[in-house]
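The chains referred to below are lettered A, B, ... by the order of the sequence lines, with proteins before strands, and numbering in each begins at 1. Any value given below was found using the heavy atoms of this structure, including those in side chains, with hydrogens, waters and symmetry copies removed.
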Protein chains: 2
Amino acid sequence: MTTRDEVAQLAGVSASVVSYVVNNGPRKVSPSTKQKVLEAIEKLNYRPNSIARALRVKKTLALGLIVPDSSNPFFAALVQSIEDIAYENGYTLLIGNASNDQEREIDYIRAFSERQVDGLLLVSSVSTTRSLEQLQKLDLPFVIVDRLVDDKLSVSTVVADNETGGYLATEHLLWHGHKNIACLAGPSDLTPSADRYRGWQKAMEKAGLEASPNLLIRSEFSSLQGYFAVKKLLETNGSITALFVSTDSQAIGALRAVIETGLDIPRDFAIVSFDNISQAAFTCPPLSTINQPIEQMGKVSIEMLLESMQNPKANFSKQVLPVELSIRRSCGCKYAI
Amino acid sequence: MTTRDEVAQLAGVSASVVSYVVNNGPRKVSPSTKQKVLEAIEKLNYRPNSIARALRVKKTLALGLIVPDSSNPFFAALVQSIEDIAYENGYTLLIGNASNDQEREIDYIRAFSERQVDGLLLVSSVSTTRSLEQLQKLDLPFVIVDRLVDDKLSVSTVVADNETGGYLATEHLLWHGHKNIACLAGPSDLTPSADRYRGWQKAMEKAGLEASPNLLIRSEFSSLQGYFAVKKLLETNGSITALFVSTDSQAIGALRAVIETGLDIPRDFAIVSFDNISQAAFTCPPLSTINQPIEQMGKVSIEMLLESMQNPKANFSKQVLPVELSIRRSCGCKYAI
DNA sequence: TTGAAAGCGCTAACAC
DNA sequence: GTGTTAGCGCTTTCAA
C-alpha cells in the first residue's frame with residue numbers, strides 16, 4: 001500500500017499539500033502543484049487510508065445496524081433500505097445479525113462501539129432494556145427501530161403504528177361478516193407483536209365480541225412456526241372462520257395449514273396479516289395485509305440518527321409511521337393484486 | 001471516551017502494561033498489577049479503540065461483502081450464513097448492496113479497500129471482469145462467490161454446480177414424461193444463469209429433444225419478472241407442459257402465471273426450479289427445486305478467504321459445491337414437503 | 001501558497 | 001516484570 005508520504009515525495013511537495021488536494025481543502029493549493037500531486041496519486045495508485053483518517057478526525061463514517069434475523073424477509077427489506085440511505089450519505093454499514101440472541105446482540109453493541117461507529121441502529125431481538133443499559137453508558141448516538149421503549153426514557157425510536165394496523169386488519173375481517181376471528185401473534189415480549197395483538201383485541205371488543213384467550217395463539221416469526229401454530233389451532237377449534245396474523249411470514253405458513261385442512265381461502269376462511277413484504281403478492285391466494293412503510297422506516301431511522309449525531313443527546317424523538325390496509329384476496333375481497 | 005493512558009495513570013502503571021493485560025500478552029504482567037489495571041478499566045469503563053489498534057497492527061478484523069441485491073431471499077440467506085461464520089471467527093462484516101449496478105459495486109470495492117478490510121467477498125452484479133481489474137491492482141485478498149471466472153485467472157471462486165443442477169432438474173421433468181420443457185433463465189451475463197441454462201440444454205439434447213430458442217425465455221431474478229415472462233410464454237406457446245426455472249424467486253412468479261391461465265400444477269403443468277430458498281416449501285404447490293448448499297457456500301467462502309489472507313497470493317482454488325434435487329410437489333411427484 | 005510538526009490511541013521492540 | 005519510545009497514516013495548526 002502506498003502512503004501519502006510517498007505521494008508527497010514523488011510530487012516533490014510536502015505531505016500536507018497532498019492532504020489538501022485529496023480532501024479539497026481546507027487550504028487552497030495552486031493549480032500547478034495540484035496537477036503534480038494528482039499525477040503522483042495516479043501513478044502510485046494511491047488510496048487514502050481511512051483508518052488513519054478516522055483516528056485523526058474521530059469519525060469513521062461507519063454506522064452499525066443490528067437486527068434479530070437478517071434473512072427474515074421483513075428485516076432483509078429493512079436492511080436494504082437502510083443500506084441504501086447510508087450509501088447515499090456516504091456511510092458504510094456494519095451489520096450484525098443477533099440471531100435472536102440477547103448476548104450476541106450486546107456483543108455486537110460492544111464490538112461496534114469499539115470500532116468507533118458514528119452511530120448505531122438497533123432492532124432488539126428480545127427485550128430492549130438490557131441493550132439500552134449497555135448503550136446508555138456508551139455515549140454513542142443510536143436509535144431504536146421497530147421497537148417501542150418506555151415513553152419516559154430519552155431514547156429516539158421509530159416504529160410503525162402497530163396497534164392501528166392490528167385494529168384495521170381485524171376491523172376489515174369483521175366487515176366481511178366474520179365473528180370468530182382468531183389472532184396469531186408473535187412473541188409477547190416484542191412490542192410490535194404486543195401492539196398488533198392489542199389492536200385485534202380492541203377491534204373485537206368494539207364489535208361486542210370477546211377477544212377470548214382461546215382465540216389467541218402465538219408463534220415465532222417464521223412460516224414454519226406459523227404453520228404449526230395454525231395447524232394446532234384448527235385441530236382444537238373448529239368454529240373459527242378468520243384469522244389475523246401478526247406477520248406475513250407467519251401467514252405464509254398459516255395459509256398452508258388452513259389449505260391442508262381442506263378449507264378454501266377466502267371462501268371458507270379469511271386471513272389478514274401484517275408487513276406487506278414483497279412475497280405477500282405471490283402467495284395463493286395473495287395476502288391482504290397491513291402495509292408497513294419499510295423504506296420510510298429506514299429513511300426516517302437514518303435521518304434521526306444523523307440528526308442526533310450532529311446534536312449529541314440534545315433532542316430525541318419518537319416517530320410512529322402510519323400503516324394502511326393493502327387488500328388482495330385472502331380477506332375475501334373480489335379484486336386481485 | 002476514556003483512553004489507555006488514563007487507565008494507566010489511574011492504575012499507576014505504564015501504558016504498555018495496560019496493553020499487555022488488555023491483549024493478554026505479548027508479555028506477562030504480575031497478578032497484582034494486572035488486578036490494579038483491571039480495576040481501573042472497570043472503573044473508567046474503558047474500551048480499547050480498535051481503530052487505533054488497526055492502524056498500528058495493520059489489521060482491522062473486518063471483512064467486506066458485496067452482493068447484487070441483499071433483499072433477494074437467496075442472497076439474504078447467503079449474507080446471513082456468511083455473517084454467522086465471520087462472527088464465529090471474530091470478524092465484523094461490512095456490507096455493500098450493489099443494487100445490480102456495476103458502478104456501485106466498484107464504488108464499494110474502493111470504499112472497502114480504503115477502509116482497510118482484511119478481505120473481500122464479492123458476488124458480482126453483472127460481469128465480474130471489471131471488478132476483477134479493480135481488485136487485481138488493490139492487493140486485497142478476495143474471493144468471488146456464486147460467479148465463475150475464466151479458469152486461467154488466478155482467482156479463488158466458490159460456486160454451486162449449476163450446470164449439473166440444470167441438468168438434474170430437466171432430467172427429472174423428462175422422467176415425468178414431459179417433452180415440451182421450456183426454460184426460464186436469468187440474465188445471460190451471469191454465470192450461474194448461463195450454466196443452469198446449459199444444463200437444461202444438455203438434458204434436452206441427450207433425450208433427443210431440441211432445446212429450441214422458442215422454449216427459452218429470460219427474466220431478471222424476481223418473482224414479478226418471472227411472472228411476466230411466463231405469462232408471455234404461455235400466451236405464445238400452448239404446447240409447453242413443463243418448465244425449468246433458474247431460481248425459486250422467479251418460480252414463485254411463474255407458479256402464479258401458470259395458475260392464472262387455469263392450469264393445475266402439477267396435473268397439467270410441472271415446474272422445477274433452483275436454489276431451495278426456505279420459501280420454496282411454502283408455495284402452492286410446494287416447489288421441487290435444486291438445492292443449493294447456501295450455508296456451505298458461505299462457510300467455504302470465508303474459509304477460502306481466511307486462507308488466502310494468511311497465504312497472500314500463494315495459492316488460489318476453485319470450489320464447485322454439489323447440488324441435489326429436492327422433491328416436493330410442483331414436479332408431479334406424489335409426496336409432499 | 002507551502003512546510004514542519006504535533007498528535008489521534010494504540011502496539012511492541014528496546015531498554016532496564 | 002515494567003517503563004520508555006518510536007511509529008502506524010493521517011489532519012491541521014503554527015510558522016514562514
Tell me: CG of Asn23(B) to P of dG9(C), nearest whole Å?
-> 17 Å

How is Ser16(A) classified with respect to the nucleic acid when contacts are heavy atoms under 4.0 Å: base, sugar-phosphate, or nothing?
-> base

Please name the residue in the list Ser70(A), Ser99(A), Ser71(A) that meets the side-chain hydrogen bond (donor to acceptor under 3.5 Å, both in side chains) test with Gln80(B).
-> Ser71(A)

Closer to the 5' end of DNA chain D via nearest nucleotide, is it Ala52(B) or Ser30(B)?
-> Ser30(B)

Whole angstrom is fine here: how far is it from CZ in Arg115(B) over to P in dC8(D)?
-> 23 Å

Classify the side chain of Arg27(A) and the base of dT12(D) as holding, or not holding, a donor-acceptor pair under 3.5 Å.
-> no

Ionic contact status for Lys34(A) with Glu39(A), cut-off 4.0 Å | no

In whole angstroms, the gap separating P of dC10(D) from CG of Leu61(A) amounts to 15 Å

Can you name the salt bridge (Lys or Arg N to Asp or Glu O under 4.0 Å) partners of Arg104(B), sequence neighbours left out?
-> Glu83(A), Asp84(A)

OP1 or OP2 of dT1(C) sitting under 4.0 Å from any side-chain N/O of Thr33(A)?
-> no

Interatomic distance, Tyr20(A) OH vs dT13(D) P [rounded to whole Å] | 8 Å

Gln35(B) CD to dG1(D) C1', in whole Å, measures 17 Å

Would you indicate, yes or no, if dG9(C) has its OP1 or OP2 atom less than 4.0 angstrom from a side-chain nitrogen or oxygen of Lys58(A)?
-> yes

Could you tell me the separation between the CG atom of Asp5(A) and the P atom of dG7(D), rounded to a whole number of Å?
-> 12 Å

What's the OH-P distance between Tyr46(A) and dG9(D), to the nearest Å?
-> 10 Å

Establish, with yes or no, whether the OP1 or OP2 oxygen of dG1(D) is under 4.0 angstrom from a side-chain nitrogen or oxygen of Lys34(B).
-> no

Distance, rounded to the nearest Å, where Asn49(A) contributes CG and dG9(D) contributes C1' | 6 Å

Arg53(A) or Leu55(B): which one's nearest nucleotide on DNA chain D is closer to the 5' end?
-> Leu55(B)

Which part of the nucleic acid does Thr3(B) contact within heavy-atom distance under 4.0 Å: base, sugar-phosphate only, or nothing?
-> sugar-phosphate

Regarding Tyr108(A) and Asn97(A), is there a side-chain donor-to-acceptor distance under 3.5 Å anywhere?
-> no

Hey, are Lys299(A) and Glu303(A) close enough for a salt bridge, meaning a charged N less than 4.0 Å from a carboxylate O?
-> yes

